[in-house]
Amino acid sequence: MSIARLATRAEAAEQTAARLVATARRAFAERGFAQVSLDALAAEAGVTRGALHHHFTNKAGLFEAVLRAVDAEIGHELDRLYEAEQDRWEALRNCFHAYLDLALHPDRRRILFLDAPAVLGTRAIEILMASGFGPMVEDLTILVAQGRIRAIHPEAVAHVLNGAVMAQVMWLAGSESEDANRLAAAHAALDAVFDGLTARG
């Protein structure tokens with residue numbers, strides 16, 4: 001088989017997988033994991049159920065792919081926000097605050113924080129916590145060296161910040177209705193965590 005033909009087949013497989021993820025994302029966001037059938041998903045995406053199993057093994061595998069896609073989408077939005085702020089510490093703060101709002105958007109909330117823990121268990125939180133972790137540690141290392149924040153192990157600080165925002169968003173996502181007071185309280189608590197890390201003169 002020629003290289004060109006192999007490339008064409010690989011592109012077709014990639015397009016099929018992407019179509020399945022996009023279709024599943026809409027279905028999971030609208031109806032929830034438990035109410036979505038693989039037969040209906042395959043039909044809506046215009047593929048066979050066998051093709052779905054080939055790409056993702058099972059429903060949980062497809063759900064994980066959707067979770068990763070949503071997480072990556074949020075990551076791209078945070079990257080743009082980060083690049084718009086020249087001050088590294090302020091950029092990090094802005095991104096953590098933005099995460100609370102971006103992750104709780106209706107088409108993401110159910111997937112990331114309501115269904116994901118039930119479907120994937122602790123693996124869901126591990127995936128979300130690992131997102132962007134390396135670059136954050138690098139930033140914190142520079143900030144410690146510059147004396148911008150307290151001289152605490154950068155990786156330990158990264159875990160504290162990730163844990164704080166994840167706990168806040170889980171608390172907010174668990175509310176049956178949107179509550180502006182709870183959201184404001186979450187942002188205030190997150191600010192307190194950041195303020196506690198700021199180097200004192």
Side-chain angles (χ1 to χ4, degrees), residues 10 13-82 92 95-137 158-178 182-183 186 190:
E14 186 175 324
Q15 290 171 2
T16 297
R19 190 162 64 251
L20 280 165
V21 169
T23 301
R25 181 204 170 138
R26 288 193 299 272
F28 290 144
E30 292 169 4
R31 304 195 293 277
F33 179 83
Q35 301 304 316
V36 173
S37 94
L38 289 184
D39 287 331
L41 275 180
E44 189 177 344
V47 303
T48 65
R49 180 160 173 164
L52 189 154
H53 283 291
H54 170 74
H55 286 286
F56 301 105
T57 305
N58 54 29
K59 189 175 172 183
L62 177 56
F63 183 86
E64 180 175 329
V66 169
L67 180 143
R68 290 182 181 277
V70 173
D71 183 55
E73 179 183 287
I74 293 172
H76 292 319
E77 295 184 47
L78 293 178
D79 285 344
R80 288 195 291 272
L81 183 63
Y82 180 92
L92 274 178
C95 286
F96 272 88
H97 281 290
Y99 186 84
L100 287 179
D101 301 310
L102 293 171
L104 289 169
H105 192 276
D107 73 336
R108 296 166 176 162
R109 177 175 172 268
R110 183 200 291 266
I111 292 170
L112 295 180
F113 304 108
L114 300 182
D115 281 350
V119 177
L120 301 175
T122 57
R123 178 167 174 74
I125 302 303
E126 289 170 359
I127 291 169
L128 296 176
M129 293 276 280
S131 183
F133 188 80
M136 179 167 50
V137 172
H159 280 296
V160 166
L161 293 176
N162 264 2
V165 76
M166 198 58 57
Q168 294 284 40
V169 80
M170 292 289 285
W171 176 57
L172 293 166
S175 176
E176 293 184 359
S177 61
E178 291 188 16
R182 284 165 69 99
L183 181 58
L190 194 56

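Bear in mind that the values here come from a model prediction, so they are computed numbers and not experimental data. The analysis underlying the following values was restricted to heavy atoms, covering all of them including side chains, and did not include hydrogens, waters or symmetry mates.
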Practice prompt. Step by step, work out the side chain to side chain contact (heavy atoms under 4.5 Å, CB included) result for F56 and V21.
Written response: CA-CA 10 Å; F56 301 105; V21 169; 3.6 Å; yes
Item to complete: To the nearest 0.5 Å, tell me how far K59 NZ sits from L41 CG.
Response: 8.0 Å
Discussion item. Test of understanding: with salt bridge (Lys or Arg N to Asp or Glu O under 4.0 Å), list the residues that count as partners of D107, not counting sequence neighbours.
Written reply: R25
Worksheet item: In Å and rounded to the nearest 0.5 Å, what is the CG to CD1 distance from L120 to I125?
Response: 9.5 Å
Worksheet item: Out of curiosity, M170 CE to L112 CG, how far, rounded to the nearest 0.5 Å?
Response: 10.0 Å
Worksheet entry | For the student: nearest non-hydrogen atoms of A173 and L114, plus distance | O-CD2, 3.5 Å
Worksheet item: If you round to the nearest 0.5 Å, how far is CZ of F113 from CE of M166?
Response: 5.0 Å
Discussion item. Set out, in order, the CA-CA distance, both residues' side-chain angles and the distance that settles side chain to side chain contact (heavy atoms under 4.5 Å, CB included) for N162 and L128, then state yes or no.
Written reply: CA-CA 9 Å; N162 264 2; L128 296 176; over 6 Å; no
Worksheet entry | Pairing residues for R110 by the salt bridge (Lys or Arg N to Asp or Glu O under 4.0 Å) criterion, not counting sequence neighbours | none
Worksheet, complete the sentence: side-chain hydrogen bond (donor to acceptor under 3.5 Å, both in side chains) pairs touching residues 111-125, sequence neighbours excluded, are E64-R123
Worksheet item: Are Q168 and F96 close enough, and set up right, to give a side chain to side chain contact (heavy atoms under 4.5 Å, CB included), and what steps lead you there?
Response: CA-CA 11 Å; Q168 294 284 40; F96 272 88; over 6 Å; no
Item to complete: Return each pair, listed once, that meets side-chain hydrogen bond (donor to acceptor under 3.5 Å, both in side chains) where at least one residue sits in residues 39-53; pairs must be two or more places apart or across chains.
Response: D39-R49, R49-H53
Response to the item:
CZ of R19 to CG of L52, rounded to nearest 0.5 Å, is 11.0 Å
Using distance only, find each side-chain donor-acceptor pair of residues 30-37 under 3.5 Å and give its atom names and separation, not counting sequence neighbours.
residue: S37; atom: OG; partner: A40; partner atom: N; Å: 3.0

Fill in: Gap between atom CZ of R109 and atom CD1 of I111 - 0.5 Å precision
12.0 Å
Item to complete: Using side-chain hydrogen bond (donor to acceptor under 3.5 Å, both in side chains) as the criterion, list what pairs up with H55, not counting sequence neighbours.
Response: none
